[in-house]
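First the structure, in the form of structure tokens, and then the observations on it.
Read the numbers this way: they start at 1 and go in the same order the structure lists the ligands and their atoms. Owing to the predicted nature of the structure, the values given are computational and were not obtained by experimental measurement.
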Amino acid sequence: MNRERIESLYYKTYNYNTENIEIFYGDMGDSSSLNRIIRKCKPDEIYNLAAQSHVGVSFKIPEYTCDVVGLGVVRILDALKDFTIKTKFYQASSSEMFGNSSNQIQNEVTPFLPSSPYGCAKAFAYYMTRVYREAYNMFACNGILFNHESPRRGENFVTRKITLSLARIKLGLQEKLFLGNLDAKRDWGYAKDYVEAMWLILQNDKADDFVIATNETHTVREFAEKAAKLLDFDIEWQGEGINEKGIDSNTGKIIIEVIPKFYRPLDVNFLLGDSSKAKKELNWHPKVNFNELIEIMVNADLENVKKINYMKSFNE
Ligand code: GDD
């Protein structure tokens, strides 16, 4: 089981013997385990963040993605429907549901036009959450979250891939960073701010759906340039499309290359969220901006790489 990202939390609690955290085995593809956990824990609130969450990978494993991301939500909702305890349910819906439906700012009434198996499965789960809310009077809510990042981000998502690779290049452990579509635009926020929004959504008086975003959009190219700058690289772009390269003008070395492998069969080109409803009704405001987010991630990865490198040389 993969629980690397909560390990520190778990050990801290375990060592202090406060017994605040108990971990259960469950699987989004297995109704009986979900039912058993719900009956045993009698939860006040459930936050469903479980997913095969990589959009590119969803083209390679579409059936599995639809099962855990889409049907998995029905498995939880249906277990809650017949349960005596009134559990509040938060569904991690995604801006990927908008797909390429709009080149304008997106809010709670923007139509969905998903562009990936992942986006389709998330749209299905979104609608099922609404159906269960209305049909069975359940406190079931969707947070439509735009991209949210942190040093804990998986290494195959673009922001983390950039910060980790550039830190490795800086320390001489890697030569180049290989990327796909540099012109995709995303509304990137800080995961910690977004987790607060999730909690606020379930503390609201009524069950509802909210867009959570920073209201700013930037290209992948811009993210890479700014991350590079923080590490004293100065990127100059040469060429176009799959021939485009990022050259560090200080050394003349190519440190970024575009390769077809990282292009998706269909990509979402433009995401920009309008979270004014969350601001007004939940009093939610993002605290960390785009530049600060990049700085947090670059600094964390520089430290990570230094530590790993130090441990490696120590073992050799
Ligand atoms: N992963 C990745 N790797 N993406 C790349 C690369 C690369 O080498 N090069 C360019 N990109 C582009 C992708 O094509 C996409 O347009 C953009 O960078 C962002 O990709 P990801 O970081 O993989 O995130 P995402 O936007 O597809 O999805 C994330 O955000 C969603 C919310 O909108 C995921 O966290 C989803 O689970 C989440 O729902």
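Take Lys192 and apply the side-chain contact (heavy atoms from CB on, under 4.5 Å) test, not counting sequence neighbours, and it matches Tyr190. In this structure Lys261 satisfies the side-chain contact (heavy atoms from CB on, under 4.5 Å) test together with Ile259, sequence neighbours excluded.
Between Phe223 and Phe290, the angle of the ring planes goes over 60°, which puts this pair in the perpendicular group of the 30/60° scheme.
When all heavy atoms are compared, the tightest approach of Arg168 to Val305 is CG-CG2, 3.8 Å.
For ligand 1, the protein residues within 4.0 angstrom (heavy atoms only) are Ser53, His54, Val55, Ser94, Ser95, Glu96, Tyr118, Leu145, Asn147, Arg153, Asn156, Phe157, Val158, Lys161, Phe178, Leu179, Gly180, Asn181, Ala184, Arg186, Val220, Phe262, Arg264, Asp267.
For the pair Arg160 (side chain) and Gly154 (backbone), a donor-acceptor distance under 3.5 Å is absent.
Residue Ile254 belongs to a hydrophobic cluster whose other members are Ile247, with links defined by side-chain heavy atoms closer than 4.5 Å.
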